[in-house]
Trainee: 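Right, I'll just put the structure down here and ask away after.
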2 protein chains.
Amino acid sequence: MISRPPRPRERGIPEATVARLPVYLRALQSLQDRGTLTVSSEDLASAAGVNSAKLRKDLSHLGSYGTRGVGYEVQYLVYQISRELGLTQDWAVAIVGIGNLGRALANYGGFGTRGFRIAALLDADPEMVGQSVASLDVRHIDNLEDVVRSKGVSIGVITTPAASAQGVATRFVEAGVSSILNFAPVVLNVPDGVDVRKVDLSIELQILAFHAQRRADGDGRAAERAGLELT
Amino acid sequence: MISRPPRPRERGIPEATVARLPVYLRALQSLQDRGTLTVSSEDLASAAGVNSAKLRKDLSHLGSYGTRGVGYEVQYLVYQISRELGLTQDWAVAIVGIGNLGRALANYGGFGTRGFRIAALLDADPEMVGQSVASLDVRHIDNLEDVVRSKGVSIGVITTPAASAQGVATRFVEAGVSSILNFAPVVLNVPDGVDVRKVDLSIELQILAFHAQRRADGDGRAAERAGLELT
DNA sequence: CCCACTTTGTGCGTGCTTTCACAAGCACGT
DNA sequence: ACGTGCTTGTGAAAGCACGCACAAAGTGGG
Ligand SMILES: NC(=O)c1ccc[n+]([C@@H]2O[C@H](COP(=O)([O-])OP(=O)(O)OC[C@H]3O[C@@H](n4cnc5c(N)ncnc54)[C@H](O)[C@@H]3O)[C@@H](O)[C@H]2O)c1
Ligand SMILES: NC(=O)c1ccc[n+]([C@@H]2O[C@H](COP(=O)([O-])OP(=O)(O)OC[C@H]3O[C@@H](n4cnc5c(N)ncnc54)[C@H](O)[C@@H]3O)[C@@H](O)[C@H]2O)c1
């Protein structure tokens, strides 16, 4: 028995690569706006803030889209990355929790440009419901299932207080949404097959503080080396 | 020639560990609020959403703060992690670009709780300057150097449009700020020794879209295996 | 037609991360 | 005083990710 047909090309793009593709895409679109037709890995890498070998290896996972001696055709690469990321289709997004942050996201224009469309805003507060934010009516959270179905929502964004986030996530999942972006500072528990990403400003600040403290320590670390370590 | 002295024990906490410490800290504080006195690595790991061996190895980088057979004393661990992250001191934060997002951040109460204090708000728009947001006067960006000095700002947050972000970053650096949190969708260029972290919602959505598309593909992939691959 | 030059795609070594699995250590009951 | 049971801390192995360095492949000039 043949162990396996040579597996033409297992569709396995490393997670680290996936996370960088959007960065490349943005750099490429900026080049495109400036009318650039082709770009070398060196130049694109520099625009994206990464090592050029890394960039080439990343792109090689999508296929062999460069021309040796020349570089990459900007427009073609934009298309290939967009397709790989799924940006050639339209994604309907629902935001739950229309407070400070939810409103900022709703009013932000930068999403529509890349295949993401804010399709619904939901909140639990009766005061909030019915208000118009960014040309959308805020609906009551009880309509979540209806809204998801009728608008074809496939990505859910959670900007409620931490205490409500798990409940909202569960309702999203039950309604069939399996991609969630969470801004609330809690670990969400979801079934396998559901993809949760979190954005946590507080964590970012704490990481910055750690490094800042280390830099500061370094300056006066002579004392520590001299013997203060014997606590 | 010896390639390198054996490096006794550089105070090296792995970057991946540093990024998780804030998550552990939050889980611990939640336990503390509920009056829990000690916690096992298994339970804490589960609350933080990680593997318990990973959690133990992470904590072991800070020292040996657990008790075999019992677990970790919650309060003591909170203190140790806070100290390691530099949260026992007070960090003054300046936000530049008081638009949708900048305002949301300024109004957010969740920072003060962990040693971060929003010390100044800055904007370039004359309409904005002088307004009061979250009990702070918005100052003109031209005062950045003054404000950094007088308020002792050590962390800069950038929420301006992409086009202005690099300029603001450079001014931050020149004013002596070497920790920057950037929300604008651009790659910032800064000298060595300056720590930049970025938060990019658009990238997060694109990563979600990639995985969502892959899941959808999988469902109907039979066709692909059957021969559609011969592009 | 060939040569010099440029740039891609990738094999390979290195170091970081994760996970397993278990000896060592501590508390507590007897 | 000692054994039992639980949990930590950490070797060791496996898996990823990164970046160097170079052969392969294309361009363009003569
Ligand atoms: N504002 C920020 O800059 C910021 C920064 C970091 C993190 N966060 C996090 O983002 C989340 C939102 O922050 P915010 O400042 O916008 O808070 P907010 O209080 O201004 O808004 C929260 C909104 O969620 C609604 N809500 C509460 N429970 C709900 C439920 N069960 N279903 C639907 N809606 C519900 C509330 O009515 C309110 O409108 C919080 O978890 C916060 O910790 C915010
Ligand atoms: N709002 C969101 O939800 C969201 C989401 C993702 C990314 N972002 C990014 O965050 C940034 C801010 O978004 P926003 O929606 O708040 O934009 P905004 O236009 O509402 O606010 C930008 C503010 O920056 C000020 N500004 C412009 N140039 C400046 C300068 N040189 N110095 C100081 N201030 C200056 C403007 O006066 C304005 O008040 C943008 O880069 C955006 O791409 C925002």
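Per chain, numbering begins at 1; letters A, B, ... match sequence-line order. Heavy atoms only: backbone and side chains are in, while hydrogens, waters and symmetry mates are out.
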Trainee: What I want to check is whether the side chains of T170(B) and E174(B) have a donor and an acceptor closer together than 3.5 Å.
Mentor: no
Trainee: Between E73(A) (CD) and dG26(D) (C1'), how many Å, whole number?
Mentor: 15 Å
Trainee: With sequence neighbours excluded, what pairs up with Y76(A) under the ring-ring contact (aromatic ring centres under 6.0 Å, His included) test?
Mentor: Y65(A)
Trainee: Spell out protein contact along nucleotides 4-13 of chain D as letters: B when the base is contacted, S when just the sugar-phosphate is, - when no protein heavy atom is under 4.0 Å; keep the 5' to 3' order.
Mentor: --BBBBBBB-
Trainee: Nearest-Å distance, CD1 (I13(B)) to C1' (dT17(C))?
Mentor: 15 Å
Trainee: In residues 14-27 of chain A, which ones come under 4.0 Å of DNA chain C, going by heavy atoms?
Mentor: none
Trainee: Let me know the distance between NE2 of H61(B) and P of dT18(C), rounded to the nearest Å.
Mentor: 10 Å
Trainee: Could you check whether any side-chain heavy atom of S52(B) comes within less than 4.5 Å of a side-chain heavy atom of R56(B), counting everything from C-beta outward?
Mentor: yes
Trainee: Just verifying a value: how many Å separate L208(A) CG and D195(B) CG, rounded to the nearest 0.5 Å?
Mentor: 5.0 Å
Trainee: A212(B): which residues meet the side-chain contact (heavy atoms from CB on, under 4.5 Å) condition with it, sequence neighbours left out?
Mentor: W91(A), S179(A), R215(B)
Trainee: Below 3.5 Å, can you tabulate the donor-acceptor pairs from side chains in residues 12-25 of chain A to any protein atom, sequence neighbours excluded?
Mentor:
{"unit_1": "E15(A)", "atom_1": "OE1", "unit_2": "H211(B)", "atom_2": "NE2", "d": "3.3"}
{"unit_1": "E15(A)", "atom_1": "OE2", "unit_2": "H211(B)", "atom_2": "NE2", "d": "3.1"}
{"unit_1": "T17(A)", "atom_1": "OG1", "unit_2": "D58(A)", "atom_2": "OD1", "d": "2.7"}
{"unit_1": "R20(A)", "atom_1": "NE", "unit_2": "Y24(A)", "atom_2": "OH", "d": "3.3"}
{"unit_1": "R20(A)", "atom_1": "NE", "unit_2": "D58(A)", "atom_2": "OD2", "d": "2.7"}
{"unit_1": "R20(A)", "atom_1": "NH2", "unit_2": "D58(A)", "atom_2": "OD1", "d": "3.1"}
{"unit_1": "R20(A)", "atom_1": "NH2", "unit_2": "D58(A)", "atom_2": "OD2", "d": "3.3"}
{"unit_1": "Y24(A)", "atom_1": "OH", "unit_2": "D58(A)", "atom_2": "OD2", "d": "2.5"}

Trainee: Quick one: list whatever passes salt bridge (charged side-chain N to carboxylate O under 4.0 Å, His left out) with D200(B), sequence neighbours left out.
Mentor: R26(A)
Trainee: Could you give the NZ-to-P distance, from K54(A) to dG11(C), as a whole number of Å?
Mentor: 19 Å
Trainee: Counting just side-chain N and O atoms, does N51(A) come under 4.0 Å of either OP1 or OP2 of dA17(D)?
Mentor: no
Trainee: Does a side chain donor of either R83(B) or T88(B) reach within less than 3.5 Å of an acceptor in the other side chain?
Mentor: no
Trainee: Taking CG from L62(A) and C1' from dT8(C), how many angstroms apart are they, rounded to a whole number?
Mentor: 14 Å
